[in-house]
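All chains are named by letter (A, B, ...) in the order of the sequence lines, taking the proteins before the strands, and each is independently numbered beginning at 1.
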Amino acid sequence: MVLIATPFILSFTFAFLLTFIELIVILIYNLFSNLIGGVTVNLALVDALPEKTQQQNPHFQFASVTNDEKVVKEIKRKVRHADAPPPPPPIIEKSEVIIEQDIMRESSPKKEEQVEMTDKPVRVRIAPSPSGYLHVGTARMAIANFLYARHTGGQFLIRIENTDKARSDDSLIEPIISALKWLGIESDEEIVYQSERIELYKGFAQKILDSGKGYRCFCSPELLTADREEAMANKGPLRYNRRCLKLTQEEIDKKIADEEQFAIRIQIPDGQTTFNDIVSSDLKRDNREIEDFIIARSDGTATYNLAVVVDDNDMRITHVLRGNDHITNTFKQIHIYEALGFSLPTFGHVPLLLRPDKKKVSKRLGDKDVAQYKEEGILPEAMFNFLSLLGWSPKTDREIYTVKELIEIFNPDNFNASNSIFNEEKLEAFNKEHIGLMSDHDLAAMVAPLLVDAGYTTKYWLETRWEYLRSVVSILKTRVRRISDFVELSKYFFEFDYVYDAQADEKNFTPEAVEILTQFAERLEKIDSYSKETIEKALSELAVEKELKKGKLIHPTRLAVSGIPNGPGLYDLLLVLGQDVVVERMKKAAEYIIKKQS
RNA sequence: GACCCCAUCGUCUAGUGGCCUAGGACACUGCCCUUUCACGGCGGCGACACGGGUUCGACUCCCGUUGGGGUCGCCA
């Protein structure tokens with residue numbers, strides 16, 4: 001036994017030693033070349049240091065083109081497997097579901113890196129800008145982030161991105177926050193407002209300038225526009241031509257002395273930028289494709305990308321889950337993180353939500369404000385459920401979930417790679433299902449104010465007849481797709497002066513119907529204990545006596561008491577409306593028919 | 001135009017090389033239930049974009065084509 005095992009042990013030890021030596025050699029080489037040539041720091045290698053693995057996110061590489069990518073990858077792999085410290089215990093107490101998640105991750109080698117994510121509590125955010133109301137695209141990202149935070153026991157934060165005074169409107173902040181609240185989403189910590197942090201950003205722009213990683217750009221907006229137009233005409237790339245990077249120190253000093261306005265650009269080093277993405281595959285971009293973008297405007301204020309990085313760092317955001325329309329920004333932001341010496345969060349770029357015409361949802365194209373769906377009778381639970389399943393799948397055949405269930409089953413691995421189209425018809429179907437999940441009491445509470453708004457009745461009237469409202473809601477429930485449908489469908493339960501449906505009038509309010517209605521009304525009037533059974537009995541008896549089919553009684557009666565040819569089962573309808581009302585309406589209908597004939 | 005992402009029914013999706021004659025949901029539709037309208041039940045219609053490769057075998061892996069989307073602001 002020992003004889004068989006010895007060669008294995010020996011070769012294993014040998015391989016391990018080789019790996020270690022290889023690592024050391026390359027590290028020394030890298031350190032040396034940095035000292036001599038001032039080559040861009042190879043974060044990938046620094047990253048690969050075992051002692052760094054706990055502080056630095058190992059998902060990112062920021063490799064200079066001078067480094068052999070294959071070597072980097074290989075070392076990272078070896079480090080991870082050979083001498084990575086045992087993963088720290090998860091911060092969050094494991095529920096059964098989380099354990100299940102871990103099992104799923106283990107069985108999926110492709111996503112092995114996910115396991116490492118548990119080394120610090122998840123802190124995620126949604127960062128809407130108040131340049132419009134909350135639309136479904138932003139709401140969906142908020143939901144994904146919220147679910148992720150709740151699933152892991154981490155924090156979900158809200159940040160309002162209102163750095164652009166000209167474009168953002170502070171009166172839109174409250175509607176955005178309350179629309180999120182309607183969905184059940186609130187910030188776990190105080191909401192961060194970028195407008196309050198404007199001065200702070202300036203220091204970071206200056207820091208980048210001072211470090212030599214940024215430079216002043218004196219090009220006027222007009223000049224830049226002209227550049228772009230020319231590039232467009234020549235069919236070239238639309239990137240900044242680095243005119244101001246070529247300025248000599250004397251030229252720069254002169255321009256500063258002349259008080260020429262300047263913006264600050266960050267200089268993107270040669271090489272390529274890559275990062276792992278927990279949703280999409282690994283993303284790589286040649287740095288030539290990333291322009292030297294502006295981080296501070298000529299008035300000194302920070303632009304979006306700088307502010308985002310500073311805030312995400314300050315807010316200790318661990319995972320940036322956002323739409324894949326931000327991929328370009330991520331490449332830019334990685335360079336700011338690097339210039340500022342911040343450690344990178346984990347990125348996840350979720351596919352976009354498209355309109356039925358396949359364009360990105362946007363307020364400008366007239367996409368609805370989330371609050372508008374509320375007005376249109378959509379339940380927040382339905383919206384939440386529907387949006388969560390757009391571009392993400394629980395990988396089962398089930399579709400209807402409560403928020404609580406979604407929190408339990410959420411897994412960022414389950415995002416799709418492709419964009420999805422927002423289909424309101426299906427949202428309605430989800431709504432119907434969620435209405436079915438609600439109790440009659442809760443439904444009644446929701447419908448009551450709508451009935452008052454519609455002018456059917458008063459708050460007081462409803463409060464004193466709660467049981468009545470509850471039964472109305474109960475028998476209408478299966479006929480409704482939106483909460484607002486209750487209003488339309490329940491009119492005759494509250495108003496007496498409805499007009500008979502013309503077609504049904506012609507068909508059912510025949511001369512014979514007068515006798516039927518009158519006699520049936522009389523019988524109903526005589527019932528002592530008015531119930532579904534006694535109503536049905538009265539109808540059946542009358543039908544037998546008159547030798548008529550039940551339908552002959554049912555249809556005129558329904559029309560008489562509701563004005564329309566369809567609705568809840570007749571016995572339910574008559575029971576809920578109440579004996580007196582029913583009799584009164586039937587007699588009134590009989591009179592109407594007589595008057596109609598004369 | 002440059003760069004990037006993506007590709008299963010009309011739409012949302014399942015599918016990780018044989019369980020696929022491709023499953024579910026919405027929509028559409030037939031039948032049943034039923035006094036009506038709904039609900040519900042049982043069916044139907046309906047997709048692997050195309051072309052190459054790899055393989056004994058491809059919806060699944062690779063390449064290309066086509067198509068769709070995104071980004072290219074001193075906006076966010």
Side-chain angles (χ1 to χ4, degrees), chain A residues 108 110 127-132 161-164 166-168 194 217 219-221 224-225 228 231-239 261-265 277 280-281 283-286 288-291 293-305 307-308 323-329 331 349 351-352 354 356 358-360 386 389-400 416-430 432-433 436 476-481 489 504 508 539 549-555 557-559 562 564-571 573:
Chain A
S108 160
K110 219 168 58 182
S129 123
S131 53
E161 310 216 318
N162 52 350
T163 48
D164 186 1
R167 262 164 272 254
S168 59
Q194 287 194 329
C217 177
C219 302
S220 67
L224 294 172
T225 309
R228 262 191 295 274
M232 195 92 85
N234 297 333
K235 295 184 175 178
L238 275 54
R239 285 187 297 274
Q261 292 274 295
F262 64 87
I264 301 173
R265 287 182 186 271
D277 191 294
S280 313
S281 46
L283 263 14
K284 186 200 292 190
R285 185 161 296 185
D286 194 302
R288 277 174 298 199
E289 304 295 339
I290 309 170
E291 73 167 346
F293 60 98
I294 289 171
I295 54 170
R297 306 183 183 99
S298 42
D299 65 1
T301 59
T303 57
Y304 169 75
N305 281 305
V308 165
N324 72 19
D325 52 340
H326 279 281
I327 289 176
T328 313
N329 285 325
F331 282 109
H349 292 93
L352 264 21
L354 268 29
K358 293 193 173 182
K359 291 270 174 282
K360 189 171 85 158
F386 178 62
L389 261 62
L390 237 34
W392 181 86
S393 165
K395 310 283 180 190
T396 65
D397 279 349
R398 194 163 41 130
E399 291 195 315
I400 302 301
N416 288 146
S418 52
N419 298 342
S420 43
I421 295 169
F422 183 86
N423 178 218
E424 209 169 300
E425 222 167 42
K426 185 141 184 175
L427 167 66
E428 238 185 16
F430 271 66
K432 187 188 88 184
E433 297 295 329
L476 253 24
K477 213 173 167 180
T478 58
R479 271 152 265 259
V480 139
R481 286 171 76 84
L489 260 35
N508 297 308
L539 187 134
K549 277 183 161 186
K550 281 183 185 176
K552 279 285 174 196
L553 312 194
I554 286 170
H555 297 299
T557 307
R558 170 185 299 288
L559 186 60
S562 73
I564 50 173
N566 49 42
L570 187 77
Y571 310 129
L573 185 59

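Across all strands shown, L553(A) has no heavy atoms under 4.0 Å from either base or sugar-phosphate atoms. Within the 4.0 angstrom heavy-atom criterion, no nucleotide atom of any strand lies near T225(A). Within 4.0 Å (heavy atoms only), K477(A) reaches no atom of the nucleic acid at all. When heavy atoms are screened at a 4.0 angstrom cut-off, R398(A) is found touching no nucleic acid atom at all.
The separation of C45(B) from C31(B), taken at their P atoms, amounts to 16 Å, rounded to a whole angstrom. Across U54(B) and U11(B), the matching C1' atoms stand 34 Å from one another, rounded to whole Å.
Counting only heavy atoms from C-beta on, N419(A) has its side chain closest to G69(B) among C3(B), G24(B), G69(B). Of the candidate nucleotides G24(B), C26(B), U13(B), G24(B) has the atom lying nearest to any side-chain atom of E399(A).
Rounded to whole Å, atom P of C12(B) lies 17 Å from atom CD1 of I400(A). The separation between D277(A) atom CG and C4(B) atom P is 16 Å, rounded to whole Å. Between E425(A) atom CD and C26(B) atom P there is a gap of 11 Å when expressed in whole angstrom units. In this structure, I421(A) places its CD1 atom 13 Å from C1' of C6(B), rounding to the nearest Å. Atom C1' of nucleotide G68(B) and atom CG of N324(A) are separated by 13 Å, given to the nearest angstrom. In this structure, the CG atom of L352(A) is 15 Å from the C1' atom of A7(B), given to the nearest Å. For N416(A) and C12(B), the CG to C1' distance is 9 Å, given to the nearest whole Å. Taking atom CH2 on W392(A) and atom C1' on A14(B), their separation rounds to 13 Å, with Å as the unit.
As the counterpart of G46(B), no nucleotide is assigned, since no Watson-Crick or G-U wobble pattern has both distances under 3.5 Å. C19(B) is unpaired under the Watson-Crick or G-U wobble criterion, no partner having all donor-acceptor distances under 3.5 Å. Look at U71(B): its Watson-Crick or wobble partner, with both distances under 3.5 angstrom, is A2(B). When both distances must be under 3.5 Å, the Watson-Crick or G-U wobble mate of C33(B) does not exist. U54(B) makes up no base pair with any nucleotide shown, lacking Watson-Crick or G-U wobble contacts both under 3.5 Å. Across the strands present, A7(B) finds its partner in U66(B); the criterion is a Watson-Crick or G-U wobble pair with both atom distances under 3.5 angstrom.
The shortest non-hydrogen separation linking Q194(A) to N162(A) is N-OD1, 3.5 Å. I421(A) and P356(A) get closest at one heavy-atom pair: CG2-CA, 3.6 Å. In plain terms, the two heavy atoms of W392(A) and N416(A) that are nearest each other are N-OD1, 4.1 Å. Across every non-hydrogen atom of I564(A) and L559(A), the tightest pair is N-CD1, 3.8 Å.
For R288(A), the CZ atom sits in a loose shell: 12 or fewer heavy atoms of surrounding residues, nucleotides or ligands are nearer than 6.0 Å.
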With side chain to side chain donor-acceptor pair (under 3.5 Å) as the test, would you mind laying out the steps for H349(A) and D277(A) before giving the verdict?
CA-CA 7 Å; H349(A) 292 93; D277(A) 191 294; 2.5 Å; yes
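Using a 4.5 Å cut-off on side-chain heavy atoms (C-beta onward), I327(A) and R285(A) make contact. Looking only at side-chain heavy atoms (C-beta outward), L476(A) and P568(A) come within less than 4.5 Å of each other. Residues L570(A) and L553(A) are not in side-chain contact: their nearest non-hydrogen atoms beyond the backbone lie 4.5 Å or more apart. Looking only at side-chain heavy atoms (C-beta outward), L539(A) and I554(A) come within less than 4.5 Å of each other. L352(A) places a side-chain heavy atom less than 4.5 Å from the side chain of N324(A). The shortest side-chain heavy-atom distance between P351(A) and S418(A) does not fall under the 4.5 Å cut-off.
Contact check, K395(A) against G15(B): a side-chain N or O comes under 4.0 Å of OP1 or OP2. Within the 4.0 Å cut-off from OP1 or OP2 of U13(B), at least one side-chain nitrogen or oxygen of S420(A) is found.
Judged by distance alone with a 3.5 Å cut-off, no donor-acceptor contact links the side chain of K426(A) to the base of A27(B).
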Shorter than 3.5 Å, N or O on both sides, protein versus nucleotides 32-39 of chain B: list them out with atom names.
residue : atom : partner : partner atom : Å
U35(B)  : O2'  : H555(A) : NE2          : 2.8
U35(B)  : O2   : R558(A) : NH2          : 3.3
U35(B)  : N3   : L570(A) : N            : 3.4
U35(B)  : O4   : L570(A) : N            : 3.0
U36(B)  : O2'  : P565(A) : O            : 3.3
U36(B)  : O2   : G567(A) : N            : 2.8
U36(B)  : O2   : G567(A) : O            : 3.2
U36(B)  : N3   : R558(A) : NH2          : 3.0
U36(B)  : N3   : G567(A) : O            : 2.7
U36(B)  : O4   : G569(A) : N            : 3.2
C37(B)  : O2   : R479(A) : NH1          : 2.5
C37(B)  : O2   : G567(A) : O            : 3.3
C37(B)  : N3   : R479(A) : NH1          : 2.4
C37(B)  : N3   : G567(A) : O            : 3.4
A38(B)  : O2'  : T478(A) : O            : 2.3
A38(B)  : N3   : T478(A) : OG1          : 3.4

Under-3.5 Å N/O pairs linking protein and nucleotides 71-74 of chain B:
residue : atom : partner : partner atom : Å
U71(B)  : OP1  : K360(A) : NZ           : 2.5
U71(B)  : O2'  : T328(A) : OG1          : 3.1
C72(B)  : O2'  : L238(A) : O            : 3.1
G73(B)  : OP2  : R228(A) : NH1          : 3.4
G73(B)  : N2   : R167(A) : NH1          : 2.6
G73(B)  : N2   : R167(A) : NH2          : 3.2
C74(B)  : O3'  : R297(A) : NE           : 3.4
C74(B)  : O2   : S298(A) : N            : 2.8
C74(B)  : O2   : S298(A) : OG           : 2.9
C74(B)  : N3   : S298(A) : OG           : 2.9
C74(B)  : N4   : C219(A) : O            : 2.9

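Considering CZ of R265(A) and SG of C219(A), their distance stands at 6.5 Å, rounded to 0.5 Å. Rounding to the nearest 0.5 Å gives a distance of 10.0 Å between OG of S131(A) and CD of E161(A).
Each of L390(A) and N305(A) lies near RNA chain B, and the nucleotide nearest L390(A) is the one positioned closer to the 5' end.
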Where protein sits on nucleotides 43-51 of chain B, one letter per nucleotide: B base, S sugar-phosphate only, - none, heavy atoms under 4.0 Å:
---------
